[in-house]
Every structure is written in structure tokens, then in C-alpha cells.
Amino acid sequence: MSEATRIDGKAFAADLRAEIGRKVAVLKEKHGLTPGLSVVLVGEDPASEVYVRNKGKATLEAGMKSDTYTMPEDSSHDDVMAKVEELNADPSVHGILVQLPLPDQVDSDAIINAINPDKDVDGFHTLNVGRLNSGQDAMVPCTPVGCMVMLKEVIGDLTGKQAIVVGRSNIVGKPMAALLLKEHCTVTIAHSRTKDLPAECRRADIVIAAVGRAKMVKGDWIKPGAVVIDVGINRIEDASTKSGTRLVGDVDYDDAAKVAGAITPVPGGVGPMTIACLLKNTVTAACRQAGVPEPE
Ligand code: GUN
């Protein structure tokens, strides 16, 4: 059997970012509107710092306004809430992203639900979750949107496809399942207590791996020709690299690529698409708030 097509998320993301850059230029020229994204980072988690830096850089590169607010690890719940309220009230801020996880003393659900739902570019606010699940216009979480863009590019019409989402997080698994359902897939949501997970995966035309366990999904879990989207980002030890570690997904890529029809790599698959979709959501939010049509 021939090796699976490698789905180049980096290339898809570059195209999407270029398109967003063009839209931002039109908004500035025609409407004097510069979309603005504010990111709040509480504490010094190294992985979160990297994500936040990359988000800020991409926002500026697209021609948008970017602000990052770094708050100390021991910030109180009220301190974080006050920052959210300040950003809600600022008309130059169209998108607000509070990087998760937050320290224990901060009530994450209350903070997320305090964000103006129209500025909730993460799509985590309860109102946006409800809107997505009832088929209304919603801000949709960036990682699932990025996965859908790639699936549609690779497969086209998803109607009737058997899809499995491995993982049931609020950030990826649940919204991913909602989006697949919207595209008329038959959707299974699997998780740590699912019985015979390999057999469940083998029935699927589309496998979304989002469990956070390095190389868990093996080649013999994959139906021949299936499309595999790997959302996992796991750092594992690897003495052959300079740093002594390496990033891998939730899928055993080399093994699964022998069976799948197409598969995303890690890194260079879903990750770059997530940031591009955050920019996309910010442009959409800015247009809605300013009451101007989103450029074609
Ligand atoms: N932490 C890990 N992924 C995400 C994300 O997509 N959004 C936010 N706000 N925090 C995260």
C-alpha cells in the first residue's frame, strides 16, 4: 500500500493568513477599521508563553492591533476579572483571549463567561457553545475550525462520513464533534473509558485524535484510506536531538501513514491552522462589532 498524503497545515495556514492580511488591508482602507486582539496571560507557564508570543506575532503580521497583558501568577480572581472588564469596554479591542489554564485561585469558567460573547474569539463562552450546538451563528473554537478547513480541502463533501473524535475536551473534542455533525457526519465521541477504542477507530473514515497521549493511535487502528487529523502536541524525550526532546502527536505517524489516505504531521499540521483561525475569528468579530460586511 502506498504511503498516506501528508496534509501540510503550514501551507494551508500560510494561505489563510495571506487572505486575512488582504481582508485587514481592505477594512483599514475602506472603513478605517483595524481589528484588535488582546491576549491575557496569567503566570509563567513556558508552553503558554510560547503560544501567546506566536499569537501576538501572527496578529501583527496580519496588520492587526495586538496587545498582550502578562499578569503575575499570584493575581487574584478579581484582578483577572477587572482586566477582562477593561477589555470588554475598549472599542479598539475586538477579540479577547484569556490563555488557559489559569492558576487555581482564578475561576476559569467565570472569567470566560465574563468576556463579551461577541469578543470571545476562542468560542469558549457558554453562549457561543450553545449557539454552535443549536446551529446558530457562533464564535467557534479555533482548533476545530482549523481541522474542518483541512478536512474539507482533502475530502470535499463530508456528508455521511463516519467520524470519530478521540477526546472530549471543551476546547477541541466537543466543538469538533458539533462541527462534524453540522457537516452531516455520523459522529462518535470516544474517551478514556470507551471500550475497545481501536475497533471504534477502525470503523471511521475520519479520525480526530485529541487526547493528549503521545503516539497512542496506532496504524492498525486506522481503516485503510481514512483521513487522520492529529491535534496532539506532546513533548517526548529523544536523545538524538540537540534539546533532548521532540514534539509528537497523539498518533503514531509513521505507523498510521502506512494505512491512512491522508494524515496531518506534528508539528506542521493542526498547530499553524489554529493560529490562522484565531486571526480569522478576530476579523469576523471586528466586522460584526463595527457593523461592516466582512471583505470577500
Ligand atoms: N490553552 C491551550 N489552548 C488554548 C486555546 O485555544 N485558547 C486558550 N484561551 N487557551 C488555550
Side-chain angles (χ1 to χ4, degrees), residues 9 13 16 36-59 66-71 73 75 77 80-81 83-84 87-88 93-104 106-129 132 138-150 165 167-179 208-213 229-235 247 249-250 266-267 269-282 284-285:
L16 188 52
L37 173 65
S38 289
V39 175
V40 179
L41 172 64
V42 186
E44 290 168 7
D45 176 59
S48 291
E49 282 176 343
V50 173
Y51 291 142
V52 166
R53 209 176 314 124
N54 289 341
K55 285 169 191 171
K57 203 164 147 250
T59 308
S66 162
D67 291 298
T68 301
Y69 298 93
T70 309
M71 302 178 70
E73 177 76 32
S75 301
H77 175 81
V80 182
M81 189 61 98
K83 177 54 74 182
V84 167
L87 297 172
N88 277 342
V93 174
H94 305 99
I96 302 171
L97 183 149
V98 179
Q99 184 69 24
L100 301 175
L102 288 166
D104 290 347
V106 182
D107 178 346
S108 304
D109 288 342
I111 294 294
I112 297 301
N113 281 328
I115 296 173
N116 175 344
D118 296 333
K119 297 190 178 189
D120 169 36
V121 283
D122 257 330
F124 294 166
H125 191 290
T126 303
L127 192 66
N128 281 316
V129 175
L132 171 63
M139 280 289 159
V140 183
C142 307
T143 299
V145 172
C147 295
M148 287 308 287
V149 171
M150 290 191 285
V165 182
R168 54 176 158 177
S169 70
N170 291 332
I171 295 181
V172 182
K174 286 179 203 158
M176 188 72 230
L179 289 179
I208 312 287
V211 265
R213 301 238 328 245
I229 305 286
D230 189 352
V231 182
I233 303 177
N234 309 287
R235 192 167 285 281
L247 289 181
D250 291 349
V266 176
V270 173
M273 280 304 280
T274 296
I275 292 191
C277 292
L278 174 65
L279 305 180
K280 183 170 177 274
N281 277 355
T282 305
T284 302

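Each ligand, and each atom within it, is numbered from 1 in the order the structure gives. Quick note: residue numbers are just sequence positions, from 1.
- Looking only at heavy atoms of the protein, atom 6 (O) of ligand 1 is closest to D122 OD1, 3.8 Å.
- A donor atom on one side chain and an acceptor atom on the other are not found under 3.5 Å apart for N116 and N88.
- In the vicinity of L97, heavy-atom distances shorter than 4.0 Å reach the ligand 1 atoms 9 (N).
- Checked by atom type and distance alone, the side chain of H77 pairs as donor or acceptor with a backbone atom of D107 at under 3.5 Å.
- Proximity of Y51 to ligand 1, defined as any heavy-atom pair under 4.0 Å, is not found for any part of the residue.
- Counting heavy atoms closer than 4.0 Å to ligand 1, residue T143 contributes nothing at all.
- By the neighbour-count criterion of 12 heavy atoms within 6.0 Å, atom NZ of K280 is sparsely surrounded, having that number or fewer from other residues, nucleotides or ligands.
- Here the side chain of D230 pairs no donor or acceptor atom with the backbone of V266 at under 3.5 angstrom.
- Protein heavy atom nearest atom 11 (C) of ligand 1, with residue, atom name and distance: Q99 NE2, 3.5 Å.
- One N or O on the side chain of K119 and one on the backbone of V93 form a donor-acceptor pair closer than 3.5 Å.
- Heavy atoms of L100 found under 4.0 angstrom from ligand 1 belong to the backbone as well as the side chain.
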